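Below: the structure, in structure tokens.
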Amino acid sequence: MTTAALNDRNVGEIAAQLPGATSVFRRFGIDFCCHGDISLTQAAAERGLDIAELETALQALDPKAAPEAPQETDALISHIQTRYHDVHRQQIPELIELSRKVEAVHAGHANAPEGLADVLQQIMAELETHMHKEEQEIFPAMRRKAADPLATPISELRHDHDAHGVFLEQVGKITDDYTLPGDACRSWEALYAGAAQLKEDLMEHIHLENNVLFPRFETGATA
Ligand SMILES: [Fe+2]
Ligand SMILES: [Fe+2]
């Protein structure tokens, strides 16, 4: 993709086509995964950002750099499952356990992440149901290049992703955007580092589905 006229392009499209764009969007606090369907100009205006500064950061990226994830559909699905589904299943239960510990040890501390373990538990439960649906029904249909239209189930998955985004906002609120108090212990540090990693992973995961994989099956064209 050329970097010309970036401002008219959708955030999700730029995230899908320009290697490294997602890390720029993360740096500027732009939601490229659940709300990637708005133009760069609009996204900058909503966040009160200088569009020129944002464009400069994106134009500094190499459009010919290797993409971060495989592009071919089968390989992309395998990547999503091993890099994201499997990793969420391993990391989130660890974070729940760690959060219960930190919440108990620091109960009464003004910055204690009260309720974080419960929110993480809800995220895990919803993600499990959602990932199961993808792994058992939607991904196999995509791999088969099934003739049956996938637009409806995909719109349900997109809806689930929006709900995951709301959970991430709750985690951000409870942890004051992963800000540690001066007297945080090692467990607390590990908890916020892990929670921030979860946010990064989940956003990247949703981005790969919403902006790269799903559009291939929503227009009637199969990849
Ligand atoms: Fe997924
Ligand atoms: Fe998903």
Side-chain angles (χ1 to χ4, degrees), residues 10-23 25-26 30-38 43 67-96 118-146 148-172 194-223:
N10 277 0
V11 167
E13 184 193 331
I14 297 169
Q17 296 177 1
L18 182 61
T22 59
S23 53
F25 288 145
R26 250 198 306 277
I30 290 178
D31 181 354
F32 57 91
C33 56
C34 287
H35 300 105
D37 53 347
I38 58 172
E68 289 119 345
Q71 296 298 291
E72 191 272 322
T73 294
D74 272 341
L76 177 58
I77 289 173
S78 298
H79 175 74
I80 287 171
Q81 292 191 190
T82 54
R83 172 60 186 87
Y84 297 103
H85 290 201
D86 292 353
V87 172
H88 294 327
R89 285 185 175 110
Q90 190 209 329
Q91 284 185 339
I92 299 174
E94 288 173 7
L95 286 175
I96 293 169
D118 288 345
V119 172
L120 290 170
Q121 194 124 37
Q122 282 175 288
I123 293 179
M124 190 64 245
E126 297 232 345
L127 259 182
E128 189 47 61
T129 307
H130 173 88
M131 296 190 299
H132 187 81
K133 207 176 350 173
E134 288 176 341
E135 290 163 3
Q136 299 302 314
E137 300 168 32
I138 311 303
F139 289 171
M142 289 174 170
R143 285 186 192 275
R144 287 196 308 272
K145 299 181 175 41
D148 22 314
L150 290 175
T152 303
I154 285 175
S155 81
E156 289 166 12
L157 295 175
R158 284 185 183 275
H159 185 75
D160 291 348
H161 291 167
D162 290 345
H164 303 156
V166 172
F167 276 126
L168 284 180
E169 282 170 22
Q170 287 179 24
V171 173
Q197 183 65 53
L198 169 64
K199 178 186 177 186
E200 197 172 307
D201 280 0
L202 194 48
M203 286 183 76
E204 204 67 34
H205 173 185
I206 292 173
H207 151 67
L208 286 176
E209 292 173 353
N210 276 2
N211 299 327
V212 184
L213 182 64
F214 291 174
R216 296 177 183 177
F217 297 90
E218 289 171 310
T219 54
T222 51

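In each ligand, atom 1 is the first atom listed, and ligand 1 is the first ligand listed. All of these numbers come straight from a predicted model, not from anything done at the bench.
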Which one of H205, H161, H159 satisfies the ring-ring contact (aromatic ring centres under 6.0 Å, His included) criterion with H130?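 Exactly one option meets the ring-ring contact (aromatic ring centres under 6.0 Å, His included) with H130, and it is H161.
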So how many protein N, O or S atoms does the Fe ion (ligand 2) have within less than 2.8 Å? 4
Separation between SG of C34 and CZ of R158, rounded to the nearest 0.5 Å: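 One gets 10.0 Å once the value is rounded to the nearest 0.5 Å.
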Give a yes or no answer on whether the side chain of D118 reaches the backbone of L120 with a donor-acceptor pair at less than 3.5 Å. no
N211 side-chain N/O to F32 backbone N/O, donor-acceptor pair under 3.5 Å: yes
Are the side chains of R83 and D201 in contact, using a 4.5 Å heavy-atom criterion? yes
Looking at E209 and K133, is there a salt bridge between them, counting it only when a charged N and a carboxylate O are closer than 4.0 Å? no
